[in-house]
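Step one of this worksheet: look at the structure below.
Along the sequence shown, residues carry numbers from 1. All ligand and atom numbering here is 1-based and tracks the order in the structure.
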Amino acid sequence: MSIAERLQAVRARIAEAARTAGREPAEVQLIAVSKLHPPAAIRAAYDAGQRDFGENYVQELQEKQAALADLPEIRWHFIGHLQSRKAREVADGKTWVHGLDSISGVEKLAARAAERDVRIPVLLQVNIGDEASKSGVAPKEAAGYLERILAFPSLSLRGLMTIPPEAGPNEARAAFRRMRELRDTLSNRFGVELGLSMGMSGDFEAAIAEGATWIRVGTAIFGERKA
Ligand SMILES: *Cc1c(COP(=O)(O)O)cnc(C)c1O
């Protein structure tokens, strides 16, 4: 199958999952995760109507942004772990940052954005399964982080992001549900609208059922990655 055909199949699955959950398909934004795939693959997806792309590595993101600068409507999402010393590279005011999970990262990103007089859309990464191997803040710490983020005018808080435990579909769905509950609690507490970035190739339907507003899908669109 071509990238355009795979993309179409993924879009159909998104629409079906949304309808099953009683949601509008348009409430779910698809981020095509293009890490380790060449710019030509991104171009093919763009030509098929895809606009949002996700990358995990700062250098690779920058190379692709340069190679694809002629695509006027492309929107980049940095979905990897952001090291504070790399904050400058993603602080262009256009790239969304999904993986914020440290106070130093928040502070550095806010400072770089302020220097450039831009506002960066950010999401706080939550380690919903409390796994030692995963990035993200513990659920009980999330409120404190949101307070810090909201204090910086150069950061525009858009929601919460997570990667669930890989224990199986039931566990993933339960983790997505806990994310939704956490989001609802925090949204009420701070009086802000918060989205949910969750769901990948193997579990995005469950994520949509639990309220995902962005899903991050790589393999189902671009095929296996050659690491
Ligand atoms: C690689 C990656 C994805 C995409 O995963 P697939 O299983 O290929 O869909 C989504 N989110 C994050 C954070 C990733 O690192």
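Using a 4.0 Å cut-off between heavy atoms, Thr219 contacts ligand 1 through both its backbone and its side chain. The proximity of Arg225 to ligand 1, defined as any non-hydrogen pair under 4.0 Å, is limited to the side chain.
In the displayed structure, Glu89 atom CD is contacted under 6.0 Å by more than 12 heavy atoms of other residues, nucleotides or ligands. Other residues, nucleotides and ligands contribute at most 12 non-hydrogen atoms within 6.0 Å of the CD atom of Glu193.
Ring pair Trp214/His98 is perpendicular by interplanar angle, where above 60° counts as perpendicular and below 30° as parallel.
Not a single donor-acceptor pair under 3.5 Å links the side chain of Arg19 to the backbone N or O of Pro25.
Of the protein's heavy atoms, Met200 SD, 3.1 Å lies nearest to atom 10 (C) of ligand 1. Here the protein heavy atom with the shortest distance to atom 9 (O) of ligand 1 is Ser201 OG, 2.5 Å.
Geometric assessment of Arg51 against the ring of Tyr46 yields a positive cation-pi assignment under the 6.0 Å and 45° thresholds.
Using a 4.5 Å heavy-atom cutoff, the side chains of Thr95 and Gln65 are in contact. At a threshold of 4.5 Å between non-hydrogen side-chain atoms, the residues Val122 and Ile149 count as touching.
Distances between N or O atoms of Gly218 and those of ligand 1 include at least one value under 3.5 Å.
For ligand 1, the atoms closer than 4.0 angstrom to any heavy atom of Arg216 are 4 (C), 9 (O), 10 (C), 11 (N), 12 (C), 13 (C). Every atom of ligand 1 with a heavy atom of Ile163 under 4.0 Å away is listed here by number and element: 13 (C). Listed by number with element, the atoms of ligand 1 under 4.0 angstrom from any heavy atom of Asn56 are 14 (C), 15 (O). Close approach of ligand 1 to Lys35 (heavy-atom distance below 4.0 Å) involves ligand atoms 1 (C), 2 (C), 3 (C), 14 (C), 15 (O).
Here the shortest heavy-atom distance to atom 12 (C) of ligand 1, taken over Ile79, Val217, Ile215, belongs to Ile79.
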